Trainee: 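One structure, as structure tokens, below. Some questions next.
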Amino acid sequence: MESIYWNCTIAHGITAFSYFGIPIVIGVSFAKTKPTIPSKFWLAFLLSGGFVLFCGFHHFLAIFEPYMAVSLLHLGVLDLMAFISLCALLYLMPTAYQIVKAIVKYQEDTRELQRSQQMQRLFLDQGPFAAYIKDEQSRMLYYNQELQSRFSVDSQEWLGKTDSEFLPDSEEGRRVMENDRVVLNTLRPLKLIEEVKIPGNDQPCYWLSFKFPFNDYATSDRRIGGISIDITESIEAQRSLTDLNRQLEEKTLELEAKKRELIYLSDMTDMLYSCESEDEVYQVVALTCSKLFPNMSGCVCIIANSKNYVQMNSVWGDERSSKEIFSLSDCWALRRGKVNLLSPRNSGLMCGHLIEPVSGTHLCIPLFGQGEVVGILHIYALEEISPEDQQTSEIIARTLGIALNNLSIKQRLTHESLRDGMTQLFNQSYMETIMEQRLAEADRSGLPLSIIFLDIDNFKSYNSRYGHVTANVVLQGLAKLLLKSIRSFDIACRWGGEEFVIVMPNMTLETLRKRVEQLRLDIEQMQLRDGDQILENITASFGIAVSEPGMTVKNLLNRANQAMLEAKRTGKNRVREYINTYN
């Protein structure tokens, strides 16, 4: 019995030690790893722990019980239970920490997953973009706070609705749903710009949207994910940049047009400076206006020398909107000396020189020369004439007036420099210059050039008898007779004092003799008067010479002069021709 007692006591001790050891090992492991037991397991955890502890107390108290009869079966069971309890304790000692650590790892993974999900939620909700998830019918399943704040909705208001139902413009919603169907049909991501307005803002908003398909693994349903970024500011900035580029291009074109305009005006000024006649001036202005105003027509009208009418001198363009001849009173620009504009927007005064029916725009600009109005520049256009074109037209008109004034001064100075002031015949300087040209033409053509040198007989005594004033009247009368007696292309000049020279190209010697003899008779028979006083007739001695190839002006004049002196020596009032005694 003694052995049975000690056997039972040892078995109860080992079992009690095992029951107390298991929770101690688990508690130490929990203390080291500090796992968190879910609240729903606390009851089971406490009940299991209480059960183990009470079992341990049971076996611990059994050690101190008095002797009792124990069957061999009971003793075997008790020994087996002690062995199993000890084995469980020995097994839990090395593995309890790993079990608890696995529990802690699972809890850490769970917390990390929750933290990751929370970060994803924060990223989607706090990000400056609209994020959303839709089902296959484009019904909203999720949308972030950006969409909520931009469209002033709560987190549940749009759930289960399609874009055409919750967007302010249903047509915009249908377009968005069509893009969703493209993603579902192609099963490929889609990147595009969508125009979706925001409530309370009439201006369109532009969104850069990235849409992509994916499968919901929980339900195996197909979903549409999307992220949209508001790029309205970028679009507006791009449009502003485009507008700026367009404005820059327009300014560049304007500058190029201004450059061409300046070139045309500069060329016009250069050409006007080189013009020798009014017809050339008008042609230059017409050419310049046709370049500057290709879609317009116009003309230059100048007041006649009689001051009784205005005549059109040059035209350009396809339309004729003004009469060719009209009176000064028919143009308001001539009347007032100011620009007169008649257009659909400017109901100005209608000029009488316009051809009926009057339409389009008419601009009349007065031309000023030598301090007075000399004509008008008239411009006609089907549309309105821009202020810039008006300004350019006024510049042309001022330049034309200055050119006409300069031409008049130039012609007057030229006339005075080439003409003899008393007789208005060409002077000696011009005669020498023109004879060089005529001799060159004669050498090239093979036709002769004839020279007549005449001198009034006894003019000094005539001058002493009547005085210088009356003698000048005689010289003027002789000059008029010479101009009537020669051809239009012949040239007569006063050589000096009472001497005159006549250049006659393309004339044979026989014809020249007859012409000069007739001129001598006309001078002899010329009636001279100084007021009521009848003056004594005059005579003249003539010397003629004909050019030869290679002859100079000086040689030809010397020959004619020698012939004239020969006429003087042989009795005066006669014609002598040069005879080459050397030949």
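Owing to the predicted nature of the structure, the values given are computational and were not obtained by experimental measurement.
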Trainee: Counting distance only, does the side-chain N/O of Arg345 pair as donor-acceptor with the main-chain N or O of Leu342 below 3.5 Å?
Mentor: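 No, the answer is negative, given that no donor and acceptor are paired below the 3.5 Å cut-off.
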
Trainee: With heavy-atom distances below 4.5 Å as the criterion, would you say the side chains of Lys258 and Glu388 are in contact?
Mentor: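 Heavy-atom side-chain distance check passes, below 4.5 Å.
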
Trainee: Tell me whether Glu510 is salt-bridged to Arg513, with the criterion being a basic N under 4.0 Å from an acidic carboxylate O.
Mentor: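 Judged by the 4.0 Å cut-off on N to carboxylate O distance, Glu510 and Arg513 do form a salt bridge.
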
Trainee: Apply side chain to side chain donor-acceptor pair (under 3.5 Å) to the pair Gln518 and Asp522, showing each step before the final yes or no.
Mentor: CA-CA 6 Å; Gln518 183 61 47; Asp522 291 340; 3.0 Å; yes

Trainee: Run the salt-bridge test on Glu178 and Arg174 with the 4.0 Å N-O cut-off and return the result as yes or no.
Mentor: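 Between Arg174 and Glu178 there is no salt bridge, as every charged N stays at least 4.0 Å from the carboxylate O atoms.
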
Trainee: Considering residues at least two apart in sequence or located in another chain, which fulfil the ring-ring contact (aromatic ring centres under 6.0 Å, His included) criterion with Phe426?
Mentor: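 Phe426 satisfies ring-ring contact (aromatic ring centres under 6.0 Å, His included) with Tyr430 only.
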
Trainee: Determine yes or no for a side-chain-to-main-chain donor-acceptor pair under 3.5 angstrom, with Ser297 supplying the side chain and Gly317 the backbone.
Mentor: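 Absent.
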
Trainee: Is Arg246 paired with Glu250 through a side-chain N to carboxylate O contact shorter than 4.0 Å?
Mentor: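 Yes.
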
Trainee: Write down the atom of Met296, the atom of Ala381, and the distance for their closest heavy-atom approach.
Mentor: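 Taking Met296 first and Ala381 second, the nearest heavy atoms are CG-CB, 3.8 Å.
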
Trainee: Just wondering, do Ile302 and Leu367 contact through their side chains at under 4.5 Å, heavy atoms?
Mentor: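 Yes - at least one pair of side-chain heavy atoms lies under 4.5 Å apart.
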
Trainee: Would you say the side chain of Val575 lies within less than 4.5 Å of the side chain of Ile452, judging by non-hydrogen atoms?
Mentor: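 Ile452 does not reach Val575 side chain to side chain.
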
Trainee: Measure the shortest side-chain to side-chain distance between Trp495 and Asn561 over non-hydrogen atoms and say whether it is less than 4.5 angstrom.
Mentor: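 They are not in contact (no side-chain heavy atoms under 4.5 Å apart), so the answer is no.
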
Trainee: Check the pair Glu566, Arg569 against salt bridge (Lys or Arg N to Asp or Glu O under 4.0 Å), reporting the backbone distance first and the verdict last.
Mentor: CA-CA 5 Å; Glu566 181 65 21; Arg569 285 194 298 267; 2.6 Å; yes

Trainee: Look up atom OG1 in Thr232 and atom CG in Leu208, then write down how far apart they are to the nearest 0.5 Å.
Mentor: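 Thr232 atom OG1 to Leu208 atom CG measures 11.0 Å (nearest 0.5 Å).
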
Trainee: Can you name the one residue among Met504, Glu517, Glu577 that meets side chain to side chain contact (heavy atoms under 4.5 Å, CB included) with Leu512?
Mentor: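 With Leu512 as partner, side chain to side chain contact (heavy atoms under 4.5 Å, CB included) holds for just one option, Met504.
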
Trainee: Nearest 0.5 Å, please: how far is CD1 in Ile544 from CG in Leu454?
Mentor: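 Rounded to the nearest 0.5 Å, the CG-CD1 separation comes out at 12.0 Å.
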
Trainee: Assess the side chains of Asp243 and Ser240: does a donor N or O sit below 3.5 Å from an acceptor N or O?
Mentor: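 Side-chain D/A pair, Asp243 to Ser240: absent.
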
Trainee: Any luck finding a side-chain donor-acceptor pair between Glu194 and Ser228 under 3.5 Å?
Mentor: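 Glu194 vs Ser228: no donor-acceptor pair found between side chains.
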
Trainee: Looking at Phe210, I want to see if its CZ is surrounded by more than 12 non-hydrogen atoms of other residues, nucleotides or ligands under 6.0 Å.
Mentor: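 Yes, the 6.0 Å shell around CZ holds more than 12 heavy atoms from other groups.
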
Trainee: Determine whether a donor-acceptor pair (N or O, by modelled atom type, separation under 3.5 Å) exists between the side chain of Gln390 and the backbone of Ile385.
Mentor: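 Between the backbone of Ile385 and the side chain of Gln390 there is a qualifying donor-acceptor contact (under 3.5 Å).
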
Trainee: Rounded to the nearest 0.5 Å, what's the gap from CG on Leu341 to CD1 on Ile379? Could you check?
Mentor: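 If we round to the nearest 0.5 Å, Leu341:CG and Ile379:CD1 are 10.5 Å apart.
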
Trainee: Could you verify whether a donor N or O on one side chain and an acceptor N or O on the other, from Thr423 and Asp420, lie under 3.5 Å apart?
Mentor: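 Looking only at side-chain atoms, Asp420 and Thr423 do form a donor-acceptor pair, the distance falling under 3.5 Å.
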
Trainee: Give the C-alpha distance, both sets of side-chain angles, the deciding distance and a yes or no for side-chain contact (heavy atoms from CB on, under 4.5 Å) between Ser393 and Leu363.
Mentor: CA-CA 9 Å; Ser393 303; Leu363 179 64; 4.0 Å; yes

Trainee: Testing the basics here: between Thr508 and Thr511, what is the closest heavy-atom pair and its distance to 0.1 Å?
Mentor: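 Answer, listing the atom of Thr508 first, then Thr511: OG1-OG1, 2.9 Å.
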
Trainee: State whether the number of non-hydrogen atoms from other residues, nucleotides or ligands found under 6.0 Å of Gln238 atom CD is greater than 12.
Mentor: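 12 or below, so no.
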
Trainee: Using a 4.5 Å cut-off on heavy atoms from C-beta on, say whether the side chain of Pro344 contacts that of Glu384.
Mentor: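 Contact flag for Glu384/Pro344 side chains = yes.
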
Trainee: Between Arg515 and Ser485, what is the shortest heavy-atom contact and its length?
Mentor: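 Looks like NH1-O, 4.4 Å.
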
Trainee: According to the interplanar angle, ranging from 0 to 90°, do the rings of Tyr466 and Tyr462 count as parallel (below 30°), tilted (30 to 60°) or perpendicular (above 60°)?
Mentor: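 Geometry flag for Tyr462 against Tyr466: tilted rings.
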
Trainee: Can you tell whether the side chains of Lys572 and Asp457 come within less than 4.0 Å, N to carboxylate O?
Mentor: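 Result for this pair is no, no salt bridge flagged.
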
Trainee: List the steps and the verdict of salt bridge (Lys or Arg N to Asp or Glu O under 4.0 Å) for Glu524 and Arg520.
Mentor: CA-CA 6 Å; Glu524 184 179 10; Arg520 184 190 67 79; 3.5 Å; yes

Trainee: Please step through side-chain contact (heavy atoms from CB on, under 4.5 Å) for the pair Lys568 and Met564, ending with a clear verdict.
Mentor: CA-CA 6 Å; Lys568 288 280 190 181; Met564 184 271 296; 3.9 Å; yes

Trainee: To the nearest 0.5 Å, what is the distance between OG on Ser321 and CD on Glu356?
Mentor: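 That separation rounds to 11.5 Å.
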
Trainee: Please report the C-alpha distance between Ile538 and Ile523 in whole Å, then the side-chain angles of each, then the deciding distance to 0.1 Å, and finally whether the side-chain contact (heavy atoms from CB on, under 4.5 Å) criterion is met.
Mentor: CA-CA 7 Å; Ile538 61 171; Ile523 294 175; 4.0 Å; yes

Trainee: So, for Glu536 and Leu528, which heavy atoms are closest and what is the spacing to 0.1 Å?
Mentor: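 Residues Glu536 and Leu528, closest heavy atoms: O-CD1, 3.7 Å.
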
Trainee: Could you check whether Ser541 and Asp455, counting side-chain N and O atoms only, form a donor-acceptor pair closer than 3.5 Å?
Mentor: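 Note: Asp455 and Ser541 side chains miss the donor-acceptor criterion.
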
Trainee: Just by distance, no angles: are the side chains of Asn558 and Gln562 close enough, under 3.5 Å, to form a donor-acceptor pair?
Mentor: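 No, Gln562 and Asn558 have no side-chain donor paired with an acceptor closer than 3.5 Å.
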
Trainee: Report yes if some heavy atom in the side chain of Val285 is under 4.5 Å from a heavy atom in the side chain of Leu272; otherwise report no.
Mentor: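 With C-beta onward as the side chain, the pair touches.
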
Trainee: Using every non-hydrogen atom in the two residues, find where Met422 and Leu475 come nearest and quote the distance to one decimal.
Mentor: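 Looking at all heavy atoms of both residues, the closest pair is SD-CD1, 3.9 Å.
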
Trainee: Under 4.5 Å between any side-chain heavy atoms of Tyr282 and Ser277, yes or no?
Mentor: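 A side-chain contact under 4.5 Å is absent here.
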
Trainee: Are there over 12 heavy-atom neighbours, none belonging to Gln247, within less than 6.0 Å of that residue's CD?
Mentor: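 Check passes, neighbour count above 12.
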
Trainee: For Asn463 and Phe459, indicate whether the former's side chain and the latter's backbone hold a donor-acceptor pair under 3.5 Å.
Mentor: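 Pair absent, no side-chain N/O of Asn463 close to backbone of Phe459.
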
Trainee: What's the spacing between Ile395 CD1 and Thr269 OG1 if we round to 0.5 Å?
Mentor: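 These two atoms lie 10.0 Å from each other.
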
Trainee: Output, in order, the C-alpha distance, side-chain angles, deciding distance and verdict of salt bridge (Lys or Arg N to Asp or Glu O under 4.0 Å) for Asp330 and Lys323.
Mentor: CA-CA 10 Å; Asp330 286 339; Lys323 300 175 183 177; 5.3 Å; no

Trainee: Can you check whether Arg494 reaches Leu478 side chain to side chain, under 4.5 Å on heavy atoms?
Mentor: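 No, every pair of side-chain atoms sits at 4.5 Å or beyond.
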
Trainee: Checking side-chain contact (heavy atoms from CB on, under 4.5 Å) for the pair Leu292/Met268: CA distance, chi angles, key distance, verdict?
Mentor: CA-CA 11 Å; Leu292 289 174; Met268 180 189 72; over 6 Å; no

Trainee: Just by distance, do the side chain of Arg576 and the backbone of Gly543 share a donor-acceptor pair under 3.5 Å?
Mentor: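 No; zero donor-acceptor contacts below 3.5 Å.
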
Trainee: Taking all atoms of both residues into account, what is the closest heavy-atom pair of Cys351 and Asn340, and its distance?
Mentor: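 Closest heavy-atom pair between Cys351 and Asn340: SG-ND2, 3.5 Å.
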
Trainee: Tell me whether the rings of His378 and His353 are parallel (<30°), tilted (30 to 60°) or perpendicular (>60°).
Mentor: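 His378 and His353: perpendicular rings.
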
Trainee: Could you grab the distance from atom CG of Leu482 to atom CD1 of Ile502, nearest 0.5 Å is fine?
Mentor: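 Leu482 CG to Ile502 CD1: 4.5 Å, rounded to 0.5 Å.
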
Trainee: Evaluate whether atom CD of Glu171 has more than 12 neighbouring non-hydrogen atoms of other residues, nucleotides or ligands under 6.0 angstrom away.
Mentor: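 Yes - once you tally the heavy atoms of other residues, nucleotides and ligands closer than 6.0 Å, there are more than 12.
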
Trainee: Is it true that, when you exclude Glu195 itself, more than 12 heavy atoms of the residues, nucleotides or ligands shown sit nearer than 6.0 Å to its CD?
Mentor: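 More than 12 within 6.0 Å, yes.
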
